[in-house]
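Inspection log for the structure reproduced underneath, given as structure tokens.
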Amino acid sequence: MDISFIITLFLIGFVGSFISGMLGIGGAIINFPMLLYIPVLLGVGHFTPHEVSGITAIQVFFATIGGVMAYRKGGFLNKTLIAYMGISILMGSFIGGFGSTHMPEGGINLVYGILALLAVIMMFVPKRGIDDIPLDQVKFNKWLAALFAFIVGIGAGIVGAGGAFLLVPIMLTVLKIPTRMTIASSLAITLISSIGAVTGKISTGHVDILPSIILVVASLIASPIGANAGKKVNTKVLQIIMGILIFATAVKTWLEIL
């Protein structure tokens with residue numbers, strides 16, 4: 001592994017983790033396509049979808065740790081929401097992570113594309129008044145939250161993601177959780193989810209150690225910086241950035257599939 005490959009991986013991890021901390025996602029929706037296409041485009045290396053899903057699972061775990069630490073003060077972490085959705089997505093992601101070994105590489109990309117398309121649709125549904133709710137008065141359907149989290153976990157485990165790129169739209173649109181609480185709680189839920197994905201990938205030998213370490217270092221540096229930046233950005237702007245990001249990723253993924 002030469003220095004240009006190492007620098008490329010570090011920059012990919014840094015960008016993905018910064019955005020993950022700012023928007024409450026694990027970074028997989030950014031890092032999966034970047035790891036798949038950028039090293040090849042620059043001529044510095046190549047990863048298969050299986051290798052990318054394993055590396056991304058490790059990166060998501062450490063990126064979310066950094067983000068949660070940055071959000072631990074201020075009442076942004078909804079412990080009830082985290083518990084119900086976290087346990088459900090953990091079970092689902094373990095099933096998905098283990099089951100992905102029986103899928104062809106094209107199947108992994110197809111699952112990723114379908115999840116991203118669903119997330120795009122939800123991100124552009126109007127979200128009126130959710131940020132007017134005081135954080136200590138937020139209410140939601142606990143069992144509906146758990147059901148959605150379990151379904152998301154299965155799909156996210158297949159692609160090595162934490163699932164936050166779909167959890168965030170669900171929490172905003174379906175559960176009506178305020179934006180900053182959604183971002184903070186999503187990072188914590190994704191951290192729990194990534195335990196299942198990481199366990200599944202490691203148990204099946206789908207983790208490339210050295211690239212994973214490079215992305216972990218980048219994640220621990222960039223994720224807290226992104227989280228602190230996210231606290232200062234207007235919530236509508238955060239929603240727009242997330243929508244554009246998911247839309248661009250969905251388009252790119254479906255162009256490759258088709």
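When a residue number appears, it is its place in the shown sequence, counting from 1.
- Interatomic distance, I7 CD1 to I12 CD1, rounded to the nearest 0.5 Å: 12.0 Å.
- Using a 4.5 Å heavy-atom cutoff, the side chains of T64 and S20 are not in contact.
- Counting heavy atoms from C-beta on, the side chains of L42 and T8 come closer than 4.5 Å.
- The hydrophobic clustering, which links ILVMFWY residues whose side-chain heavy atoms are closer than 4.5 Å, places L35 and I6 together.
- Taking both residues in full, the closest heavy atoms of K176 and I133 are given as O-CD1, 4.0 Å, listed atom of the first, atom of the second, then distance.
- Formation of a donor-acceptor pair under 3.5 Å by the R180 side chain with backbone atoms of G230 is found in this model.
- Donor-acceptor pairing under 3.5 Å is lacking for the side chains of T179 and T235.
- By the 6.0 Å contact criterion, CZ on F247 is open, its count of non-hydrogen atoms from other residues, nucleotides or ligands being 12 or less.
- Enclosure of atom CE in M122 by more than 12 non-hydrogen atoms of other residues, nucleotides or ligands within 6.0 angstrom is indicated.
- When atom types are taken as modelled, the side chain of E51 and the backbone of T48 share a donor-acceptor pair closer than 3.5 angstrom.
- No path of Ile, Leu, Val, Met, Phe, Trp and Tyr side chains, each step under 4.5 Å between heavy atoms, connects I241 with V125, placing them in separate hydrophobic clusters.
- Taken to the nearest 0.5 Å, the CE atom of M69 stands 11.0 Å off from the CG atom of L191.
- Annotation for S186 and G24: closest pair OG-O, 2.7 Å, computed over non-hydrogen atoms.
- For the side-chain contact (heavy atoms from CB on, under 4.5 Å) with L23, the qualifying choice from V168, L187, L238 is L238, the only one to do so.
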Evaluate I58 against L215 for side-chain contact (heavy atoms from CB on, under 4.5 Å), listing each step before the verdict. CA-CA 8 Å; I58 302 294; L215 264 72; over 6 Å; no
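- Cation-pi geometry between K231 and F76 is not satisfied (NZ or CZ under 6.0 Å from the ring centre, within 45° of the ring normal).
- Atom CE of residue M181 and atom CD1 of residue I82 lie 9.0 Å apart, to the nearest 0.5 angstrom.
- Side-chain heavy atoms closer than 4.5 Å link hydrophobic residues (I, L, V, M, F, W, Y) into clusters, and following such links, possibly through other members, connects L172 to V174.
- Residues T56 and N31 have side chains that never bring a donor and an acceptor to within less than 3.5 angstrom of each other.
- Here the closest non-hydrogen pair linking A188 and L77 is CB-CD2, 4.2 Å.
- Interatomic distance, CZ of F32 versus CD1 of I55, reported as 10.5 Å (0.5 Å rounding).
- Distance check: Q239 CD to T173 OG1 gives 8.0 Å after rounding to the nearest 0.5 Å.
- I213 CD1 to F62 CZ: the interatomic distance, rounded to the nearest 0.5 Å, is 9.5 Å.
- Inter-residue side-chain proximity for M123 and I240 is flagged as unmet; no heavy-atom pair is nearer than 4.5 Å.
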Quick one: do I89 and L167 satisfy side-chain contact (heavy atoms from CB on, under 4.5 Å)? Show the steps, please. CA-CA 10 Å; I89 201 169; L167 280 183; 3.5 Å; yes
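- Hydrophobic clustering (side-chain heavy atoms under 4.5 Å, transitive across Ile, Leu, Val, Met, Phe, Trp, Tyr) keeps L175 apart from I121.
- Shown here for L36 and V40, the closest heavy-atom pair between the two residues is O-CG2, 3.8 Å.
- Taking all atoms of both residues into account, the shortest heavy-atom contact from D2 to S4 is OD1-OG, 2.9 Å.
- In this structure, F47 has its ring center closer than 6.0 angstrom to the ring center of F5.
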Run the side-chain contact (heavy atoms from CB on, under 4.5 Å) check on M171 and L81 step by step: do they pass? CA-CA 10 Å; M171 292 162 75; L81 182 67; 3.4 Å; yes
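- Between S212 and Q59, the side chains place no donor N or O within less than 3.5 Å of an acceptor N or O (distance only, hydrogens not considered).
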List the steps and the verdict of side-chain contact (heavy atoms from CB on, under 4.5 Å) for I114 and W254. CA-CA 9 Å; I114 291 171; W254 279 104; 3.9 Å; yes
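- For the pair M34 and G16, the tightest heavy-atom approach, listed with the atom from each and the gap, is CE-N, 4.2 Å.
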For S223 and S17, what are the C-alpha separation, side-chain angles and deciding distance, and is it a side chain to side chain donor-acceptor pair (under 3.5 Å)? CA-CA 5 Å; S223 183; S17 298; 6.0 Å; no
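- Side chain to side chain, S185 and N78 fail the donor-acceptor criterion of an N or O pair below 3.5 Å.
- A single hydrophobic cluster is seen to contain both I209 and V52, as judged by linkage of ILVMFWY side chains at heavy-atom distances under 4.5 Å, directly or through other members.
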